[in-house]
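Everything on this sheet refers to the single structure shown next.
Throughout, a chain's letter reflects where its sequence line sits, starting with A, and its residues are numbered from 1.
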Amino acid sequence: MKALFNKFLGVITMVSGISCSLNTAEAGVFNPEVFELKNGLKTIVVPNKRSRNAVYVMLWFPRGGADEIKGKSGLAHFLEHLMFRGTHKIGPGEYDSMINSYGGSNNAFTSYDYTAYQVKISKERLPEILSLEADRMCKRKKGQGLKIIDKVFVPEKKVVLEEMSTRIDNSPHGYFDQKIREKLFPGHPYGIPLIGHRKEVEALKHEDAMAFYNHYYGPEEAILILEGNLTRNDVEPLVKKYFDNIPANPIVKREWPNFSEIKEPFIKVEHPFAEQPRFARYYQAPCFKTASSQDIVALEVLEYILGSGEISRLYKKLVIETKLAVMVGTSFHSGGYAAGLFYIQAVPNQGISLEQVDKAISDVVTQFQKEGMTDAELMRVKNKLLADSIYARDGISNGAMAFGHTLAVGGKIDDVEKWPEYVKAVTKEDVLKVANQVFLASKSVTGYLMPQGAK
Amino acid sequence: MLKIIKGIFWMVMIQANLAQAKISTEKFNVQEVISPKGVKAWLIEEHSVPNLTLTFKVRGGSAFDPADKEGLAAWASSLLDQGAGALDYQAFNEKVENLAAGIVFGVNQDAFHGSLRTITANRTAVFSLLKSCLFEPRFDEEAMERIRQQMIVALKHKRENPHARVHEYFMSEVFKGHPYARSGDGTETSLKSLTKADAQNYLKNMLSKETIMIGVAGDITASELSKLLDDLFGDLPPKSGFQPLQSVEPKIDGQIHTLKEEKRPQTASIFGHKGLPRKDPDYYAAQVLTHILGGGTFSAHLMKEVRTKRGLTYGISTHFDHKKAADLFVGMVSTDNGRFDETVRVVKKVWKDLSTKGPTAEEVEETKKFLTGSYDLEFNNTGSMASVLVTSQEFDLGKDHLNKRNDYIRKVTLEDIKRILPKVLDPSKLTFVAFGNPQYKTSEKVS
C-alpha cells in the first residue's frame, strides 16, 4: 500500500512545478568542495559519478514568500515565473529554448524562505548555463539583468492565477493546508498563502517584481550548487569568469515579527469538493536557527518512529489495531529560517468521526511522551536512515537539494555531511526531549476538513 | 535559435562553446544474463555506489480483472507485502526496515510490476524477501480487510481530484465496452466481493516465465545476478494464465464530451486521438513532430499559444500512450471554465496548422538536438536504468536500444516529417473530454 500512502501525504510547501521533500533525511556524505567569491556567492561542488555526463546546476536565493512586503502576497512566486521571461540581453522564452537545444531541462520552486532554480545539462554546456544564470542575476545596473515587459507580464499573471485555481481552489487538500498555516503562524508571513491572495496577485505590478528582484537577487547571499562528475578545479575558473564581476548588494535584514500567540488552536474547514474528512495537526517546530543539529536529527527519528511507514506507532494503533483510520502519518520539515514544521495527518475509516481519530492520535503521542521508545525501534530507524545516505547518492539531484535546503535556512555543510554521525549518536533520551519540546498544545493547530454542509 | 546570437555577450559565450563542444556520449554496456534455469534479465553494471535496483513486469494488470471483480489486480498486488511465509505483517515490515530494503508492487491496465532496491550488503536477504512475497504471500484476514477499506476510502479521494476524474471519464468514453473502460481501482461493490481465492487465483494466472521481463542496474556482476535470479524466479510456472488482450479501436469522434460538476472553478480536459504504435517505422519521426506540437517545453506550439501568449493554463502537453491493445496520442490541460471555449479553439488551430504546414527545418533540427541531448542526460540512477531495460523488452526494441535510440532520432529529416503529417495528426478526429463546468459554443455531447 505504499503508493496509496504517498498519494495521501505529499509535500505542500512548494508552489512551482516540482515537488520534492524538504527533508534532508536522504543526505549522506557527499564530500563536496566549497568556495566563495568576494561578492559573497557561495559555490558547492558535489561529486557524483553515477550522473555520467549530466550536471545538475542549482542557484538558490535564500529569500522567498516570507520576504514579501505586506499586501504583495504571491510576489516571490510570481517573480520566479518572470525570471524565465527575458532579460536585457535575451528575449522572452530564449532562456528555455537555449537550454532545450542543449538537451537540458530546467525548473524552479519557491518556498517561504528561498527560491531555487535548477537546470540539468551536459557537462560540456556548463559555461553556457553559468553565463545564462549570471545574466539574470541582479546587478542593479540600468540595462542589465531581468527585463519585464507588458507582453509577458500580463499573460504570465494569468498563468499564475490558473496555477492558484489548480493548487488551492480546486484542491481540498491545498486549501486545508493553507487555512491551518494561517492559524499556526498568526501575524507572521509564514501564515500568508505562498501563492498569494487572489486580489493581491491581481494587483501586482512590474515595479513590485523589480523591487523584490533588486533587493534579493544579487550574489551576496546566493548559493550555486553543481552536482556531477566534476571537481572544484573544473568549475572554479568558470564560476569566476561569469560571476566575479557582479557587485554585491547590501544584505537586506529580515524584519519578521515574532510569532504571535495562537488564538485559534482548532479550526473546521469546509471545502465544496471535499468528499472525505481529514484530520491534521500542525506544530511549530525547531529549525536550524533555534535547535542544535543533533536535535534536528532527533526530530527526524521522532517523525519516523511515530508516523513514517506501516509499523510506526500511529499506523499500528490507528490503522492496524483499532481500525479508526485508513491512513495516518507524520512529517517533519526543518526547512524554515524562523521555524520548522511537524505535522500529523490522518484519514478516518468509514463511520469513524474526526473526534475519535483526534483522541486516538493524542493518546499515542501522550503515551510516547510517557514511555519513550524501545532499543529495537531506535536500532531499526537508525539502520533505515543510515541506508538512506547510500540511496541518496543513487541519483543526480539529491546532494544539491540537501545542501540547498539546509544552507538556505541557516544550516551548515556539516549538517548534511555529518548526518550519519548525528544519526548514530541519537539516544532515546534525545528523541524524548525533542518530543516534549515540539508537542505543545500552545504551539499547535488542529484542523478538521469536512465535506461542505457536513456536521 | 539564430535570433539569440546577438551582442558581445553571446559572442563570448559561443566561442567558449566551440572550444569545448566535443560532447562525449558514453555507451551503456547492457548484458543479457540467462540463469541456469532459464530466467533472462538485462543488466547494467554500475559500481560507484553500493546499491542496486531490480524491476520486472508481467502480463496481467487490471484489464484482466474478471467482470464484477474490478480492483482485483490492485487489491491482490497491494497484499503481497503485507506478510509472507513465516513472517506476519509486523515481522515482515520489521525485516524490510531492518534491511533498509524497498519492495514495491503495482499494476497498470496491462501489467503487474514490481521493484526491489537494496544496498549491496543486504542483497541476498532482500532477494529472498521478494521471493517470499511472490510465492508465499499470506493473505491474512486482517490485511485483506484493511487494504479493502483503504481502497474504498481512496475512491472518495479520487472523486476530489479533477485529473483523476477526467482521466477515468476519458477512458470510459473512449473504450466503451472494452476492459480498458473500467477503472482498475474498482467500485465499492466490486471491492467488497473480492476473496482470498480471487487473490490467489490472480497470482497463479499472472506469474509466468513466459511473460516476465526483468531489468537490473547497479552494484552487481552478471555471474552474481545469475545465481540470485535462479533463486528468485527459477521456479516460475512456464506459461501465463492470461491471454493477450484483443486489440481495440478507440472511439474517437472529434467531439467534446463533458462531465459536469458546476461548482468547479476550472475545467480539466484530456484531448487527443489515435496514436502511432510503438513499433511503427515512422515512430521516431513522429516523436520529433509531436514534441514540436506538445512536448511540454516552452518551445512547443501548444505551450506557446495556450500558456505563454494567452495565459490560459499553467501547463499543456501531449504524449503517446502505448497500451498493449490500443495506441493513443493525448494531451492534458486545465483552464478557467469561462475560457475553455477559447482553449479548445486555440488547441484545434495549433493542431490544424501544424498538420497542414508542418514544422520549419529549424524547429526539426532544434527538436532533434533536444531529444538526443536530453536522452544522454537521463539514466543517472539505478531505478531509471532498470526501468528502461524493461521497457526495451516490452516493446521488443533490442538490448542495445539505449545506445541506438539517438541515431534513430538523428536520421529523421524534414521530408520524413512532412510525409507523416496526415498519419500522425488528424485535426478532424481531435476529441476533447472535459470535467468541470466548461463554457463553450462548439457542438457538445454532455453526459
Contact list for residues 153-166 of chain B, test salt bridge (charged side-chain N to carboxylate O under 4.0 Å, His left out), sequence neighbours left out: A:E275-B:R159, A:R278-B:E160, B:K158-B:E168, B:K158-B:D185, B:R165-B:E261

Quick one: which of A:R50, A:K49, A:K384 has the most heavy-atom pairs under 4.5 Å with chain B, could you say? A:R50

What part of B:P50 gets closer than 4.5 Å to chain A, counting heavy atoms only: side chain, backbone, both or neither? both

Can you say whether A:L386 sits under 4.5 Å from chain B via the side chain, the backbone, both, or neither, judging by heavy atoms? neither

A:D96, part contacting chain B, at a heavy-atom distance under 4.5 Å: side chain

Of the backbone (N, CA, C, O) and the side chain (C-beta and beyond), which part of A:S105 lies under 4.5 Å from a heavy atom of chain B, both, or neither? neither

Measuring heavy-atom distances to chain B, does A:S171 have an atom under 4.5 Å in its side chain, in its backbone, in both, or in neither? neither

Turns out that what part of B:R339 lies under 4.5 Å from chain A's heavy atoms comes down to side chain

When heavy-atom pairs shorter than 4.5 Å are enumerated against chain B, which of A:I121, A:I99, A:V154, A:V55 gives the highest number? A:I121

Select one option (side chain, backbone, both, neither) describing which atoms of B:R264 are under 4.5 Å from chain A's heavy atoms. both

Is it the backbone or the side chain of A:K151 that comes under 4.5 Å from a heavy atom of chain B, or both, or neither? neither

Select, from B:S77, B:G383, B:G373, the one with the greatest count of heavy-atom pairs under 4.5 Å involving chain A. B:G373

Do you know which of B:E365, B:E142, B:E94, B:E378 has the most heavy-atom pairs with chain A at a distance under 4.5 angstrom? B:E142

Please classify the contact of B:K309 with chain A as side chain, backbone, both or neither, using a heavy-atom distance under 4.5 Å. backbone

If one checks every heavy atom of B:L312 against chain A at 4.5 Å, the contacting part turns out to be backbone

Using non-hydrogen atoms only, which part of A:V152 is less than 4.5 Å away from chain B: side chain, backbone, both, or neither? neither

B:T313 versus chain A, heavy atoms under 4.5 Å apart: side chain, backbone, both or neither? backbone

For chain B, find which of A:I320, A:D169, A:I396 contributes the most heavy-atom pairs closer than 4.5 angstrom. A:I320

Given B:S78 and B:R148, is the side chain to side chain contact (heavy atoms under 4.5 Å, CB included) satisfied, shown in steps? CA-CA 10 Å; B:S78 295; B:R148 189 195 316 279; over 6 Å; no

Over all heavy atoms of both residues, which pair between A:Y391 and B:T118 is shortest? Give the atoms and the distance, please. OH-CA, 3.2 Å

Looking only at heavy atoms, what is the nearest atom pair of B:R123 and B:L52, with distance? CD-CD2, 3.4 Å

For A:Y95 and A:F84, take the angle between the two ring planes, folded into 0 to 90°, and tell me which bin it lands in: parallel under 30, tilted 30 to 60, perpendicular over 60. perpendicular

Any idea which of A:E156, A:K323, A:M379 has the most non-hydrogen atom pairs under 4.5 angstrom with chain B? A:K323

Is B:A143 close to chain A through its backbone or its side chain, or both, or neither, when contacts mean heavy atoms under 4.5 Å? neither

Pair count under 4.5 Å, heavy atoms only, with chain A: among B:S299, B:A121, B:P162, B:S334, highest is B:P162

Provide the closest heavy-atom pair for B:L377 versus A:G103 in the form atom of the first, atom of the second, distance. CD1-O, 3.5 Å

Under the criterion side chain to side chain donor-acceptor pair (under 3.5 Å), which of B:N51, B:N381, B:N380 is the partner of A:D394? B:N51

To check you understand the geometry: which heavy-atom pair defines the closest contact between B:K95 and B:L87, and what is its length? CD-CD1, 3.8 Å

Spell out, as yes or no, whether a donor-acceptor pair under 3.5 Å connects the side chain of A:N383 to the backbone of B:E97. no

How far apart are the closest heavy atoms of A:A134 and A:K139, and which atoms are they? O-NZ, 2.7 Å

If I compare all heavy atoms of A:K157 with all of A:V201, which pair ends up nearest, and what's the gap? CE-O, 3.4 Å

Checked A:Q350, A:K158, A:Q276, A:E162 vs chain B; the most non-hydrogen pairs under 4.5 Å come from A:E162

